[in-house]
Amino acid sequence: MSKNFSGTRSVPQGEAIQRAISLPWAKSVEISYKSLRVRLFRSMITVGSLVLAVSFLAFVLVNLDVASGILHHGGDNAAALLTLAGYDVDPATHGVAMTAKERWIVILSLLVCTVGIVNAQLMSVTERFSEIGVMKCLGALDSMILRIFLLEAAMQGLLGAGIGALAGFIFSLLAGLVRFGTLSVAYLPWGSVLASMGIAVLAGCGLSLLGVLYPALLAARMRPIKALRAEH
Amino acid sequence: MDQDRHTIVRVIGVKKDFALGKQTVHVLKGVDLEVYAGEYISIMGPSGSGKSTLFNMIGGLDKPTDGKVFIDEVDISQLDAYELAWLRNRKIGYIFQTFNLIPVMTALENVTLPMTFAGMNGDDAMEKGIELLKLVGLGERFQHKPLELSGGQQQRVAIARSLANDPAIILADEPTGNLDLSTGEEIIELCRMLSEERGVTIISATHDYKMLNVSDRVVWIRDGMIDKIQHREDLDISVGGIGGPENGHVPGGEAP
């Protein structure tokens with residue numbers, strides 16, 4: 001029998017190993033993207049819940065922008081008009097604020113959305129126990145698993161929040177047009193509208209990442225042997 | 001014949017306890033074993049004998065309660081997470097009963113994943129991946145997803161993947177357990193070919209008596225202890241007819 005054993009015989013120590021095991025960002029993005037695409041329906045449900053929550057947030061914020069645009073350009077008449085329409089107009093500071101009720105509803109909707117995301121991501125992690133175990137057997141580090149899950153969540157977050165912010169903006173414009181006519185569009189402070197949409201997108205991404213944090217940590221910390229056993 | 005060879009796995013006095021409620025179960029009760037580079041070893045034993053536990057220890061998937069496991073003279077209980085990942089990536093190739101390919105990736109991507117972890121660049125990895133898939137007889141199927149392949153083909157992909165970073169050891173956990181008789185034989189033949197031609201050390205935990213014919217040594221585990229270790233020459237005498245048609249070309253009378 002000709003059995004020639006070859007290869008390096010010593011384990012590199014410390015620093016050398018961190019460099020020895022790597023997963024390029026491009027590859028992590030590719031893996032995350034593929035995982036999302038394979039579970040398209042599931043990930044679309046997560047994205048859907050984000051779209052709903054973020055669009056509601058964007059709707060409320062842009063509504064405020066519309067109102068403050070009217071308030072600033074329409075004079076005293078406008079203040080009366082807005083109060084009639086149900087806005088909290090503060091005559092002293094000359095500003096419009098969310099009503100307490102609105103604030104609560106927004107917070108609740110975001111909370112419900114986060115719980116939904118945690119739920120969906122926990123399912124996704126459970127479903128992928130053995131996949132995670134295999135990756136670990138092949139030499140993946142905890143940080144790589146964490147990174148893949150965070151990237152997935154970031155992609156879902158960007159998509160959901162982007163669509164949501166856009167939808168919220170469009171609906172609030174339509175609502176403004178119906179309520180105040182062309183006045184609302186004419187005096188629209190575009191700068192603050194963009195800022196509002198930015199806040200909505202950031203909030204959406206933040207929620208998505210927050211929701212995946214616990215499931216992803218769970219996945220990353222799992223010992224490969226447990227992960228492999230899960231399916232038996 | 002083994003003494004002059006390099007010892008690739010050294011298991012010294014390994015004990016493993018599992019807590020089962022308030023009881024402690026002693027799964028391994030002190031196992032000593034040496035595996036030489038290039039050997040083909042089968043670990044046999046009934047379920048619950050500690051076979052899988054021992055196997056996991058050797059693979060760096062689990063740590064012993066007591067005793068030491070050396071892989072290539074490195075004590076794996078001393079390794080941190082990074083070093084263990086490195087060991088799993090470069091030194092050990094895993095083959096599982098349930099194939100465990102990553103379903104979202106093609107056969108080729110499955111094979112190249114460990115190379116990506118090892119920092120090999122994309123084109124080199126691709127080339128080597130195709131080469132390995134050809135080696136296991138799947139040259140033209142590298143773009144298929146695991147679910148589009150049969151069990152035997154999936155196991156071949158898994159074997160190609162285990163070879164990705166030219167590991168010193170391949171650990172095969174019941175590699176034929178989910179395959180029918182003839183496919184199982186093909187997989188065993190492939191393992192034997194790899195062990196002979198590439199000089200890889202193969203350690204397999206198995207129930208499958210077909211494996212015995214190709215093993216250099218068979219380690220029998222019973223009740224958490226090594227019951228006996230048999231060389232292939234001795235094996236044909238004690239197991240007798242089970243070897244089947246391959247019995248013929250193995251000299252039988254050399255045992256003391």
Side-chain angles (χ1 to χ4, degrees), chain A residues 1-24 26-28 30-40 127-145 148 220-221 223-232, chain B residues 5-6 8 36-39 56 59-62 71-74 76 79-94 96-98 100-105 109-110 113-114 116-119 121-122 145 161-162 164-168 171 173 195-201 216:
Chain A
M1 262 183 278
S2 65
K3 296 196 171 178
N4 54 323
F5 172 72
S6 63
T8 50
R9 284 190 180 166
S10 61
V11 176
Q13 305 295 318
E15 284 288 300
I17 289 160
Q18 303 197 16
R19 268 180 276 118
I21 299 285
S22 68
L23 185 60
K27 195 75 190 171
S28 338
E30 191 191 321
I31 293 175
S32 310
Y33 175 68
K34 274 187 185 146
S35 304
L36 282 182
R37 230 184 41 187
V38 160
R39 298 171 185 84
L40 194 65
E127 195 182 80
R128 289 155 73 178
F129 265 169
S130 74
E131 192 180 320
I132 298 162
V134 172
M135 289 186 98
K136 289 197 148 185
C137 279
L138 299 181
L141 299 169
D142 291 9
S143 58
M144 294 179 187
I145 308 285
I148 286 174
R221 287 214 193 118
R223 289 165 58 220
I225 177 161
K226 260 201 175 136
L228 286 173
R229 285 283 156 75
E231 65 182 330
H232 298 313
Chain B
R5 274 205 240 132
H6 174 64
I8 192 90
Y36 306 102
E39 246 188 328
N56 290 332
L61 297 176
D62 207 351
I71 292 179
D72 228 359
E73 308 302 343
V74 176
I76 60 167
L79 300 181
D80 62 21
Y82 279 117
E83 290 164 327
L84 266 179
W86 186 91
L87 189 87
R88 291 184 195 127
N89 185 236
R90 311 285 175 90
K91 285 285 172 190
I92 305 174
Y94 299 88
F96 305 99
Q97 179 177 4
T98 46
N100 283 338
L101 299 175
I102 295 174
V104 303
M105 298 182 181
E109 285 168 330
N110 264 288
L113 189 64
T116 309
F117 288 155
N121 86 40
K145 292 265 169 67
R161 180 180 66 184
S162 75
N165 288 325
D166 300 315
L171 283 172
D173 189 3
S195 132
E196 273 183 16
E197 290 180 10
R198 294 175 75 98
V200 205
T201 313
D216 293 329

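A, B, ... follow the sequence lines: proteins, then strands. Residue 1 opens every chain. Note that the structure is predicted; figures quoted are calculated from it, not measured.
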All side-chain hydrogen bond (donor to acceptor under 3.5 Å, both in side chains) counterparts of A:K34, not counting sequence neighbours: A:E30, B:E109
Shortest non-hydrogen separation from A:L141 to B:A81 and the atoms involved: CD2-O, 4.3 Å
Which of A:A140, A:G133, A:G139 touches chain B most, by non-hydrogen pairs under 4.5 Å: A:G139
B:N100 (side chain) donor-acceptor with A:S130 (main chain) under 3.5 angstrom: no
Residues which pass side-chain contact (heavy atoms from CB on, under 4.5 Å) with A:P24, listed by chain and number, not counting sequence neighbours: A:K27, B:T116
Pairs of heavy atoms under 4.5 Å with chain A: top-ranked of B:S162, B:A85, B:P103: B:A85
Part of A:M135 within contact of chain B (heavy atom distance under 4.5 Å): both
Engaged part of A:R37 at the chain B interface, taking heavy atoms whose separation is under 4.5 Å: neither
